[in-house]
Amino acid sequence: MAKFQYEGYCQGVPTSLVKEKFGDANVYAQDAKSILTKASGFISAYDFTLNPYRGCQYGCSYCYAAAFSPNSQMRQDWGKWVIVKQNAADILAKELDKWYQKNPDKPPTIYMSSVTDPYQPIESKTQITRQLLEVMREYCPILVIQTRSPIIIRDIDILQRFKYLRINMSVPTGSESVRKDFEPRSPSIKARLNAIKAIRQRIDPLKGYQPKISITITPLLPTLPSDEAAFIDKLKIADRIVIQEFHASHSRSLVAGTRKEAEEIKQKYSCWYNDEQLSYIMFKEKLLSQLPGVEIKEGKEGFGYE
Ligand code: SF4
């Protein structure tokens, strides 16, 4: 019998390979022991991070989360495997019960997700993220959802029940050609902005809560001059824009940083990256002058709920 690609990577952990591929990703299923993780790093202001999956089918070239892959082969193949935390909703209910026993008057702050996309393609089938939302809405947490996927609009019916919700839609560039270079497996820019528009339009303020909406341009990728004006104009749909430079690059595992793949692609855009700091400052100035009604935040301070 042919060996599965990563068979044996998790000896001692009950994991099964679901006998299918989803796109070109190997799909695994695992029972998680816990699902809420104490938040740290740039989101340390939150109580917890919540990751319904391990791995991410979008496989963005610059993704720092690849550093936390189970082994070096899987780190190299970032984007080509995903582990489904199949019991996530059950565990979450228990962990939220426990939180409220200790903190009866304090809703937890939760960031979903820090090292995966909760609405990557497999979510359309497994609905793990939807199950988590169904659990959470009973507990009224303060929730931030970070995604780049239009699949989120499937859940508008539940999202509008959250009183404290911010949706961070990741759109690091306004140029499709740049997106295809840095993150070829991800949804188009248009699809992401349309998803935000749909959320804005479909929630009736008399029947549900409008979420706060951020567009996270993190890391800030180049936007071609011919696309810039139209892109900035479309950002008006958000109430906050977050910009951030690239992470420092690291080749070691278990160290979050920009991957070598992205460093190589950056060379194609030398007119932007020859003076990366100046490009960043100029873009920020344009946001500030052209989006007077939108909050512009940088780095860590932009990722909070408030
Ligand atoms: S969508 Fe997010 S988690 Fe997934 S690969 Fe891209 S940056 Fe990483």
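Remember, it's 1-based here, ligands and their atoms both numbered in the order they're listed.
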>> So that I know where these two stand, are F48 and W99 an aromatic pair - ring centroids less than 6.0 Å apart?
In response: yes
side-chain contact (heavy atoms from CB on, under 4.5 Å) partners of [X], counting only residues at least two apart:
X: R192; value: R148, M169, V171, P172, R179, E183, S186, P187
X: L206; value: D204
X: I91; value: I35, N87, E95

> So is K300 actually on top of F42's ring, under 6.0 Å and inside 45° of the axis?
Replying inline: no
> Under 2.8 Å from atom 4 (Fe) of ligand 1, protein N/O/S atom count?
Replying inline: 1
> If you measure from each heavy atom of W78 to ligand 1, is any distance below 4.0 Å?
Replying inline: yes
> To the nearest 0.5 Å, what is the distance between CG (L224) and SG (C271)?
Replying inline: 8.0 Å
